[in-house]
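A quick write-up on the structure given underneath.
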Amino acid sequence: MRIDPNRRPIDPRISNIGLDSNALDRDGTARDRLVERFERMSEANELTVVVAAGVRGEVQHPNTPSGVKAAVLPQIFNLRPGLNTSQQDARRRVCAILQGNAKPGAHAADASHLSEAAETGCTYFITHDRRMIDKRDALAAELPPTLHIVTLDEFFDMLDRYEDGRLV
């Protein structure tokens, strides 16, 4: 993860962390060890995870792997109260960035997940959604400067930098 001097990341150990529904998917690669590390740290209350209501709903799908359900469902979650005008406008702007040439409404859920992460004070939103990763610079203009869209690898790279003193 490149560190933008204008958007210096906050220590992940003292941050709210948002998750996309794909953030903890295992894929048979080295990422699986990171998923396990995340789960251990979360269970030990070393990380504060805040799950958007929409992500929680997606994780409750019957086809979601049991390990993902076990890691996500016990976390703090947003009840998704009614949205005020400002929140609705913010979601529309984030959705427009994510939509690109896709069918209208195709990325409304992703826009909602990111917006909820911003509203709940998350400083990291972990995802493996290529569209979000590829558009994070454009999204930065619409999201709080403290919210960083990262992959699980990037999240742990940042965490390790803080733990070993390379960032303070």
Closest non-hydrogen contact found for Leu98 with Ala111 is CD1-N, 3.7 Å
Could you tell me the separation between the CD atom of Glu39 and the CG atom of Leu34, rounded to the nearest 0.5 Å?
-> 11.0 Å
Salt-bridge present (Arg93, Asp89; N to O < 4.0 Å) | no
Okay, side chain of Ser15, backbone of Ile17: is any donor-acceptor separation there less than 3.5 Å?
-> no
Looking only at non-hydrogen atoms, find the nearest pair between Phe38 and Leu19 and report the distance.
-> CZ-CD2, 3.8 Å
Taking side chain as C-beta onward, heavy atoms only, is Leu152 less than 4.5 Å from His128?
-> yes
Quick one: does Asp32's side chain have a donor or acceptor within less than 3.5 Å of a partner on Gly28's backbone?
-> yes
Which atoms form the tightest heavy-atom contact between Ala138 and Ile97, and what is the distance?
-> O-CD1, 3.5 Å
Please tell me if the side chains of Asp110 and Arg131 come closer than 4.5 Å, counting only heavy atoms from C-beta onward.
-> no
Ignoring hydrogens and angles, tell me if any N or O in the side chain of Asn16 forms a donor-acceptor pair with the backbone of Thr48 under 3.5 Å.
-> no
Looking at side-chain heavy atoms only, is the closest gap between Met158 and Tyr124 below 4.5 Å?
-> yes
Shared ILVMFWY cluster between Leu47 and Tyr162, side chains joined below 4.5 angstrom?
-> yes
For Ala118 and Pro144, which heavy atoms make the closest approach, and how far apart are they?
-> CB-CD, 3.5 Å
Under 3.5 Å, side chain of Glu142 to main-chain N/O of Leu139, donor-acceptor pair present?
-> no
Does the side chain of Ile149 reach to within under 4.5 Å of the side chain of Leu143, using non-hydrogen atoms?
-> yes
Would you confirm whether Arg161, through its side chain, and Phe156, through its main-chain N or O, come within 3.5 Å as a donor-acceptor pair?
-> no
Taking all non-hydrogen atoms of both residues, which atom of Asp20 and which atom of His113 are closest, and how far apart?
-> OD1-CD2, 3.6 Å
Given side chain to side chain donor-acceptor pair (under 3.5 Å), test Asp153 with Thr151 step by step and report yes or no.
-> CA-CA 5 Å; Asp153 292 320; Thr151 65; 4.7 Å; no
Determine whether Met41 and Leu159 make a side-chain contact, defined as any pair of heavy atoms from C-beta on separated by less than 4.5 Å.
-> yes
Pair Phe125-Val150, side-chain contact (heavy atoms from CB on, under 4.5 Å): steps then yes or no | CA-CA 6 Å; Phe125 183 80; Val150 296; over 6 Å; no
For the residue pair Thr127 and Asp129, confirm or rule out a side-chain donor-acceptor distance under 3.5 Å.
-> no
Check whether any side-chain heavy atom of Arg136 lies under 4.5 Å from a side-chain heavy atom of Ile133, and answer yes or no.
-> yes
Taking side chain to side chain donor-acceptor pair (under 3.5 Å) as the test, write out the residues that go with Arg37, two or more places apart.
-> Asp160
Side-chain contact, heavy-atom cut-off 4.5 Å: Glu163 with Arg13?
-> yes
